[in-house]
Number of protein chains: 2
Amino acid sequence: MVEPVKSAFRTVKETLKHKIVAGDWGPGDLIPNEVELAAAFGCARATVNRAVRELADEGYVERKRKAGTRVRTAPLRRAAFEIPVVGDEIAARGSVYRYEHLGQQTLSTPRWLKARMGLDHHGKMLHLTAVHYADANPYQFEARWINLAALPQAAEADFSLMGPTEWLIKTIPFSNVEMSFSATAADEELAHHLVCRLGDPLFLAERTTWWQAEPITYVRLAFQRGHKMTTRV
Amino acid sequence: MVEPVKSAFRTVKETLKHKIVAGDWGPGDLIPNEVELAAAFGCARATVNRAVRELADEGYVERKRKAGTRVRTAPLRRAAFEIPVVGDEIAARGSVYRYEHLGQQTLSTPRWLKARMGLDHHGKMLHLTAVHYADANPYQFEARWINLAALPQAAEADFSLMGPTEWLIKTIPFSNVEMSFSATAADEELAHHLVCRLGDPLFLAERTTWWQAEPITYVRLAFQRGHKMTTRV
DNA sequence: TGATCGGTTATGTCTATACATATTGTGTGG
DNA sequence: CCACACAATATGTATAGACATAACCGATCA
């Protein structure tokens with residue numbers, strides 16, 4: 001547990017947050033304005049401003065000019081996940097990570113993929129499949145498409161040594177991402193590689209990545225049976 | 001698309017972010033210090049500080065006293081979801097929301113639930129089941145347990161009118177939550193209520209809620225076949 | 001009645017300045 | 001050559017003061 005360093009704006013923030021969480025100030029209630037709070041806490045308005053601004057960012061209050069600051073009526077329920085690289089995730093759990101490159105081929109872009117990536121022109125895709133292992137157990141099956149029109153270097157990369165995820169992070173470290181999560185039934189391929197039965201329910205993550213508005217890659221990650229993705233808010 | 005209002009710190013932030021995303025400054029690179037940036041942008045150091053601090057919060061850079069500010073080597077991949085109340089979610093998609101309360105009973109806490117909620121003492125739980133509909137179609141099956149030791153009022157609440165989620169938000173608007181997502185196979189009950197086949201893969205969300213360190217409720221939400229949870233980062 | 005125009009108010013941002021604090025690097029003495 | 005003290009440095013926080021801006025509210029006028 002990291003105990004945050006004391007500082008005036010943190011004290012103000014924690015004090016106000018406590019009043020909200022404990023219900024002293026209920027949803028919809030107007031809280032004192034910044035000048036009053038600054039006087040009450042004996043600090044500058046800028047200090048109160050930072051405290052209350054952060055509470056607004058975190059979804060505790062809503063602020064409006066002239067109208068003042070109110071406790072949110074419908075508190076924001078946000079879930080945030082850190083998405084680690086699969087190798088790091090497995091290593092962090094104390095297991096040995098192994099990556100098996102199954103194969104790659106250059107294909108013309110399937111229709112469904114063009115729709116998903118928002119591509120209008122024709123072009124080639126590099127298609128890769130791989131399995132990620134934790135110790136001796138298959139952990140995740142990866143099926144990836146890389147847009148060769150945007151990333152021609154991918155054709156020359158050697159994905160038997162470095163996984164496509166690592167290679168992509170190295171090549172374009174900052175990108176925009178759309179992720180979606182769902183459930184799917186194991187087909188022949190998944191059942192074989194993840195060592196489960198045909199039709200078993202599997203947790204599925206899909207991710208499309210853009211770099212400067214250009215679609216780069218789409219990946220479909222099927223997790224081992226029973227996998228859970230967890231977060232604490 | 002919301003075009004953010006122009007302001008100096010936003011300009012600084014966007015300019016720096018662009019340099020990072022475009023690769024002008026690569027991972028690990030040291031960026032100019034606040035005084036230099038302030039001079040370059042012709043603004044006060046506090047303005048630069050806010051810009052860079054927000055970039056650090058968003059995972060673009062790492063800051064250390066005396067050592068300076070560096071572009072993150074392993075950019076944080078975060079996925080954030082807004083978790084709406086199911087009724088609002090369905091209404092937002094333009095469908096008609098309907099809620100069907102199936103039943104409720106008071107039970108002693110099962111062993112698995114005590115483990116999950118971190119309860120050591122014995123006590124009663126209110127167990128509820130319900131189905132949420134979008135138009136005529138079942139959307140989500142809800143199985144919920146409410147800790148009566150922490151929330152005795154729940155025993156008197158009428159959950160045929162107001163869904164347990166709404167009731168809980170009203171009762172304890174601000175709480176801590178642990179969520180997890182996985183895939184499961186439809187059992188008899190789920191197949192019946194969600195109108196799918198036995199064994200169909202379903203997307204599952206589980207949520208445990210605490211209020212001031214006290215466990216309040218655990219809920220298991222099974223979504224209609226094919227459901228996807230999507231987010232854009 | 002109703003639309004419009006200012007004035008008032010609370011938040012939003014910015015500045016200049018100051019001191020605190022973590023961390024690095026340097027130099028000194030053993 | 002190492003340990004330790006100390007200076008240098010970049011970020012972290014706080015201050016008072018100022019002006020900007022959105023939004024509410026009442027007054028004025030068609």
Side-chain angles (χ1 to χ4, degrees), chain A residues 1-17 19-20 25-73 75-76, chain B residues 1-17 19-20 25-73 75-76:
Chain A
M1 204 62 170
V2 184
E3 203 56 47
V5 191
K6 70 160 185 180
S7 57
F9 85 89
R10 251 177 264 271
T11 308
V12 175
K13 187 176 162 184
E14 292 310 312
T15 307
L16 299 181
K17 188 196 284 192
K19 277 187 185 285
I20 293 165
W25 291 332
D29 286 0
L30 198 62
I31 79 173
N33 71 41
E34 295 187 349
V35 176
E36 290 175 277
L37 288 172
F41 284 100
C43 65
R45 184 167 80 90
T47 304
V48 172
N49 180 277
R50 178 160 177 196
V52 182
R53 177 158 40 81
E54 290 192 5
L55 288 177
D57 290 343
E58 291 168 30
Y60 289 93
V61 298
E62 276 176 314
R63 319 196 76 192
K64 250 192 338 197
R65 281 178 166 145
K66 158 80 183 176
T69 302
R70 293 177 180 280
V71 178
R72 278 193 82 100
T73 46
L76 280 184
Chain B
M1 207 60 171
V2 184
E3 204 54 50
V5 191
K6 70 163 184 183
S7 57
F9 85 89
R10 251 178 266 270
T11 307
V12 175
K13 186 176 162 184
E14 292 308 313
T15 307
L16 300 181
K17 188 195 284 192
K19 277 188 185 287
I20 293 166
W25 291 332
D29 286 1
L30 197 62
I31 79 173
N33 70 40
E34 295 187 350
V35 177
E36 290 175 279
L37 288 173
F41 284 100
C43 65
R45 184 166 80 89
T47 304
V48 172
N49 180 276
R50 179 160 177 195
V52 182
R53 177 158 39 81
E54 290 192 6
L55 287 177
D57 290 343
E58 291 168 30
Y60 289 94
V61 298
E62 277 176 314
R63 319 195 75 191
K64 247 190 344 194
R65 281 178 168 147
K66 159 80 183 177
T69 302
R70 293 178 179 279
V71 178
R72 279 193 81 100
T73 46
L76 281 183

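Chain identifiers are assigned alphabetically (A, B, ...) following the order of the sequence lines, protein sequences preceding nucleic acid strands; residue numbering begins at 1 within each chain.
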Trainee: Provide, to the nearest angstrom, the distance between the CG atom belonging to A:L37 and the P atom belonging to C:dG12.
Mentor: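 Those two atoms, CG and P, are 13 Å apart.
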Trainee: Could you give the CZ-to-P distance, from A:R70 to C:dA10, as a whole number of Å?
Mentor: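 Distance, rounded to whole Å: 12 Å.
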Trainee: If every non-hydrogen atom of B:V12 is compared with every non-hydrogen atom of B:A51, which pair is closest and at what distance?
Mentor: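 Between these two residues, the closest heavy atoms are CG1-CB, 3.7 Å.
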Trainee: Test B:E14 against B:R10 for salt bridge (Lys or Arg N to Asp or Glu O under 4.0 Å), laying out the working first.
Mentor: CA-CA 6 Å; B:E14 292 308 313; B:R10 251 178 266 270; over 6 Å; no
Trainee: How many Å lie between NZ on B:K13 and P on C:dT13, as a whole number?
Mentor: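 Between P of C:dT13 and NZ of B:K13: 11 Å.
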Trainee: Which pair of non-hydrogen atoms, one from A:P32 and one from A:L37, has the smallest distance, and what is that distance?
Mentor: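 Nearest heavy atoms, A:P32 then A:L37: O-CD1, 3.5 Å.
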Trainee: Phosphate oxygens OP1/OP2 of D:dC24: is one of them under 4.0 Å from a side-chain N or O of A:K64?
Mentor: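 Yes, A:K64 has a side-chain N/O under 4.0 Å of OP1/OP2 on D:dC24.
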Trainee: I need the NZ-P distance between B:K6 and D:dA20, as an integer number of Å.
Mentor: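 Between P of D:dA20 and NZ of B:K6: 12 Å.
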Trainee: Would you indicate, yes or no, if C:dT11 has its OP1 or OP2 atom less than 4.0 angstrom from a side-chain nitrogen or oxygen of A:T69?
Mentor: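 A:T69 to C:dT11 OP1/OP2: side-chain N or O found under 4.0 Å.
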Trainee: Rounded to the nearest Å, what distance is computed from the NZ atom of residue B:K66 to the P atom of nucleotide D:dT9?
Mentor: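 Distance, rounded to whole Å: 7 Å.
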Trainee: Could you measure the distance from the CG atom of A:D57 to the CG atom of A:L76? Nearest 0.5 Å is fine.
Mentor: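 Here the interatomic distance stands at 10.5 Å.
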Trainee: Roughly how far, to the nearest 0.5 Å, is the CD atom of B:E54 from the CG atom of B:L16?
Mentor: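 One finds 11.5 Å between CG of B:L16 and CD of B:E54.
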Trainee: If only side-chain N and O atoms of A:R10 are considered, is one of them under 4.0 Å from the OP1 or OP2 phosphate oxygen of D:dT13?
Mentor: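 True: A:R10 side-chain N/O within range (under 4.0 Å) of D:dT13 OP1/OP2.
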Trainee: The side chain of B:F9 is closest to which nucleotide in this list: D:dA23, C:dC14, D:dT9?
Mentor: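 The answer is C:dC14.
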Trainee: For residues A:T11 and A:T15, report the shortest heavy-atom separation together with the two atoms involved.
Mentor: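 The pair with the smallest heavy-atom distance is O-OG1, 2.7 Å.
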Trainee: Measure from CG on A:N33 to P on C:dT8 and round the result to the nearest Å.
Mentor: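 Roughly 17 Å, once rounded to whole Å.
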Trainee: Do any N or O atoms from the side chain of A:R70 and from the backbone of A:G28 form a donor-acceptor pair under 3.5 angstrom?
Mentor: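 Here the side-chain-to-backbone pair exists.
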Trainee: Whole Å only: how far is the CD atom of B:E62 from the C1' atom of C:dT23?
Mentor: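 From B:E62 CD to C:dT23 C1': 15 Å.
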Trainee: Rounded to whole angstroms, how far apart are CD on A:E34 and P on D:dG17?
Mentor: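 So the two atoms are 17 Å apart, to the nearest Å.
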Trainee: Short of 4.0 Å, heavy atom to strand atom, which residues of residues 43-54 of chain A count as contacting DNA chain D?
Mentor: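 Result for residues 43-54 of chain A: A:C43, A:A44, A:R45, A:A46, A:T47, A:R50, sorted by number.
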Trainee: Does C:dG12 have its OP1 or OP2 closer than 4.0 Å to a side-chain nitrogen or oxygen of A:R63?
Mentor: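 Checking A:R63 against C:dG12: at least one side-chain N or O falls below 4.0 Å of OP1 or OP2.
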